[in-house]
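In what follows, a single structure is set out as structure tokens and then discussed.
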Amino acid sequence: MISQFKHIFFTASLRKFPNFPSIFPLPHLKAFSASQVVGGKMESEAPDRTLLLLAGKSNEENDVAKVLKDNNTLQLHKNGEEVEVILPSEVETPFEDDAFQIGEYFNSLSTKRFGRLLIYSPKLSSTHDVISQNNSDLPVGAVCVADVQLKGRGRSSNLWQSPKGCLLFSFSIQMEDGRVVPHLQYVVCLAMTEAIKAICLEKGMPHLDVRIKWPNDLYLGGLKVGGILSTSVYRSKKFYVSAGVGLNVGNEKPTTCLNATLKRVNPLSRELKREDIIAAFFNKFENLYDVFLKQGFQALEELYYQTWLHSGQRVIVQERSDDQDQFVENVVTIQGLTSSGYLLGITDDGQMCELHPDGNSFDFFKGLIKRKMI
């Protein structure tokens, strides 16, 4: 059964559910050029055989990895790809020097659940597909990381190419309370901004003021450097959520990336590593996620609002005229988020309202529709 919350995250075509941020694209301003956005065909095709290396932080996760391999569990049937699964002991040819460094990642990881079972691929169609198509067979927190992604998932079924230099990963989550699933994307965004902040402080690097653009984008200096993708399916009384992150770390063209910004601020600055960022992300996410489950998103709102771009922002919204025949435009000031995860606004005459995307505009802040608060 496809969860009703899947539409809340991604699918503009499912009109039986109310419009909400319909899809959360992986970063494209830096990682992809407009010519690579595909209506039907990619410039590069996915590999005929996808290599997946399974590794664990401890013996417990390594045992899980062996079982997954022995049982031939991981598949990408929906993509039409053959999968070759190997363990670290079976690697015959070393990966390239700029490949994801698994040992460095595990050395920086201090979680109890998230990120401890790693699925690594040098090149694959989509990390999100690996997790979403195998989610019910994977332990909570299993993560798939790729150096290159050929068919990353995006809004309105767009597909993206992601070159080397991007941090590309998706991971598995299981949730029972569907009412809080829509807020999970905000926790993921917040964990990434907090992770980048922590790494820069720990390593003595210049501060990078990465901000959240609602609902799912990461911005630095006015340019998009990252994005979040979340989908869910409902089965056996659980929501199986696949959360994906794309972040421009070292790929400077065509706009900017984290390391390019660091060099502009301080030419002598060290560079951020993908391994450090993803480990710091999971270290932050696990703590924030526990607070989120126990206390609700309200416990994280103050920190979230310190990081997002929209407090006090004035936006033009649409609402139906009294005769319901046409839309009229009004100006609303954003105050925060509603309990359902939409934007909370206030009109110039003091009326509180909930703001919904129209489901058609690429920019969520164009075509906002105002609905009165009950």
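Reckoned from all heavy atoms, side chains included, excluding hydrogens, waters and symmetry mates. As the structure is a prediction and not an experimental result, all values here were calculated from the model.
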Query raised in the report: Backbone N or O of V249 within a donor-acceptor pair of the N259 side chain at under 3.5 Å?
Result: yes
Report summary line: dist L52:CG -> Q75:CD (nearest 0.5 Å) comes out at 9.5 Å
Query raised in the report: Got S126 and Q149 here, is their nearest side-chain heavy-atom distance under 4.5 Å?
Result: yes
Requested in this report: Compare all side-chain heavy atoms of E176 with those of K237 and state whether any distance is below 4.5 angstrom.
Outcome: no
Report summary line: What one should report as the nearest heavy-atom pair of C353 and I346 is SG-N, 4.4 Å
Query raised in the report: Between K284 and E194, is there a donor-acceptor pair closer than 3.5 Å when you use the side chain of the first and the backbone of the second?
Result: no
Report summary line: Interatomic distance, CD1@I199 vs CG@L208, rounded to 0.5 Å, equals 10.0 Å
Report task. Would you check if the side chain of N216 reaches a backbone N or O of G227 as a donor-acceptor pair within less than 3.5 Å? Result -> no
Requested in this report: Using the side-chain contact (heavy atoms from CB on, under 4.5 Å) rule, pick out the option among L87, L74, V64 that qualifies with K69.
Outcome: L87
Report summary line: One should read off an interatomic distance between D290 CG and K294 NZ, to the nearest 0.5 angstrom, of 5.5 Å
**Report entry** Heavy-atom pair of closest approach, residues S311 and Y305
**Finding:** OG-O, 4.1 Å
Query raised in the report: For the atom pair CZ (F292) and CZ (F297), what is the distance rounded to the nearest 0.5 Å?
Result: 7.5 Å
Query raised in the report: With distance as the sole test, does T261 use its side chain to make a donor-acceptor pair with the main-chain N or O of C257 at under 3.5 Å?
Result: yes
Query raised in the report: Taking all non-hydrogen atoms of both residues, which atom of N62 and which atom of A55 are closest, and how far apart?
Result: OD1-C, 3.8 Å
Query - Y289 (side chain) donor-acceptor with F114 (main chain) under 3.5 angstrom - result: no
Query raised in the report: Is a side-chain donor or acceptor of S170 paired with a backbone partner of H128 at a separation under 3.5 angstrom?
Result: yes
Query - Residues D348, R314: salt bridge by 4.0 Å N-O rule - result: yes
Query raised in the report: Should I119 and L138 count as side-chain neighbours, where that means a heavy-atom distance under 4.5 Å?
Result: yes
Query raised in the report: So do the side chains of V180 and M175 get within less than 4.5 Å of each other, counting heavy atoms only?
Result: yes
Report task. Check the side chains of E354 and S340 for a donor-acceptor pair under 3.5 angstrom, ignoring hydrogens and angles. Result -> yes
Query raised in the report: Heavy-atom count around K238 NZ within 6.0 Å, excluding the residue itself: above 12?
Result: no
Report task. Answer yes or no: is there a side-chain heavy-atom contact under 4.5 Å between V143 and I278? Result -> yes
Report task. Show your reasoning for whether side chain to side chain contact (heavy atoms under 4.5 Å, CB included) applies to K213 and L218. Result -> CA-CA 6 Å; K213 181 181 178 183; L218 301 174; over 6 Å; no
Report task. Determine whether F171 and F281 make a side-chain contact, defined as any pair of heavy atoms from C-beta on separated by less than 4.5 Å. Result -> yes
Query - 4.5 Å side-chain heavy-atom contact, D209 and R211 - result: yes
Query raised in the report: Strictly by modelled atom types, are W214 and Y186 linked by a side-chain donor-acceptor pair under 3.5 Å?
Result: yes
Report task. Find out whether T193 and Y304 are in side-chain contact, i.e. whether some heavy atom of one side chain is under 4.5 Å from a heavy atom of the other. Result -> no
**Report entry** Polar side-chain atom of R116 near backbone of T111 as donor-acceptor pair, under 3.5 Å
**Finding:** yes
Report task. Using only heavy-atom distances, determine whether the side chains of S110 and N283 contain a donor-acceptor pair under 3.5 Å. Result -> yes
**Report entry** Heavy-atom pair with the smallest gap, counting every atom of I277 and A195
**Finding:** O-CB, 4.3 Å
Report summary line: Only one of I196, N266, L272, L258 passes side-chain contact (heavy atoms from CB on, under 4.5 Å) with M205, and that residue is L272
Requested in this report: Could you tell me whether E104 and K273 have a side-chain N and a carboxylate O separated by less than 4.0 Å?
Outcome: yes
Query raised in the report: Would one find more than 12 heavy atoms of other residues, nucleotides or ligands at under 6.0 Å from atom CG of D349?
Result: yes
Query raised in the report: From K66 NZ over to L54 CG, what is the distance, rounded to the nearest 0.5 angstrom?
Result: 12.0 Å
Report task. Say whether L293 and I173 are linked into one hydrophobic cluster, either directly or through other cluster members, by side-chain heavy-atom distances under 4.5 angstrom. Result -> yes
**Report entry** Verdict with supporting geometry, E81 and R49, side chain to side chain contact (heavy atoms under 4.5 Å, CB included)
**Finding:** CA-CA 6 Å; E81 297 176 45; R49 178 180 292 270; over 6 Å; no
Report summary line: Value for CG (L201) from NE2 (H207), rounded to nearest 0.5 Å, stands at 10.0 Å
Report task. Compare every heavy atom of Q335 with every heavy atom of M352, then report the nearest pair and how far apart it is. Result -> CE-CG, 4.4 Å
Report task. For I316 and N330, run side chain to side chain contact (heavy atoms under 4.5 Å, CB included): C-alpha distance rounded to whole Å, both residues' side-chain angles, the deciding distance at 0.1 Å, then the answer. Result -> CA-CA 6 Å; I316 297 175; N330 290 298; over 6 Å; no
Report task. Decide yes or no on side chain to side chain contact (heavy atoms under 4.5 Å, CB included) for C144 and L124, but give the supporting numbers first. Result -> CA-CA 10 Å; C144 179; L124 81 172; 4.1 Å; yes
Query raised in the report: Are V291 and F285 grouped together when hydrophobic residues (ILVMFWY) are joined by side-chain heavy atoms under 4.5 angstrom apart?
Result: yes
Query - ILVMFWY network linking V67 to I131, side-chain heavy atoms under 4.5 angstrom - result: no
Query - Worked verdict on F169 versus F282 for ring-ring contact (aromatic ring centres under 6.0 Å, His included) - result: CA-CA 11 Å; F169 69 96; F282 280 122; 5.8 Å; yes
Requested in this report: Would you confirm whether Q133, through its side chain, and V130, through its main-chain N or O, come within 3.5 Å as a donor-acceptor pair?
Outcome: no
Report task. Indicate yes or no for a side-chain donor-acceptor contact from Y219 to the backbone of G226 under 3.5 Å, with no hydrogens or angles considered. Result -> no
Query raised in the report: Do T73 and D137 pass the side-chain hydrogen bond (donor to acceptor under 3.5 Å, both in side chains) test, and can you show the C-alpha distance, the side-chain angles, and the key distance before you say yes or no?
Result: CA-CA 7 Å; T73 301; D137 296 315; 6.0 Å; no
Query raised in the report: Would a distance-only check, ignoring hydrogens and angles, find a side-chain to backbone donor-acceptor pair under 3.5 Å from S269 to K263?
Result: no
Query raised in the report: With a 3.5 Å cut-off and no angle check, do the side chains of E82 and T50 form a donor-acceptor pair?
Result: no
Query raised in the report: Is the charged tip of R235 near the ring of Y240: under 6.0 Å from the six-membered ring centre and within 45° of its axis?
Result: yes
Query raised in the report: Is there a path from V265 to V210 through hydrophobic residues (I, L, V, M, F, W, Y) whose side chains come within less than 4.5 Å of each other?
Result: no
Query raised in the report: Hey, is D147 close enough to K164 for a salt bridge, meaning N to O under 4.0 Å?
Result: no
Report summary line: Closest non-hydrogen contact found for S232 with V241 is CB-CG2, 3.9 Å
Query raised in the report: So, R264 versus T256: side-chain donor-acceptor pair below 3.5 Å or not?
Result: yes
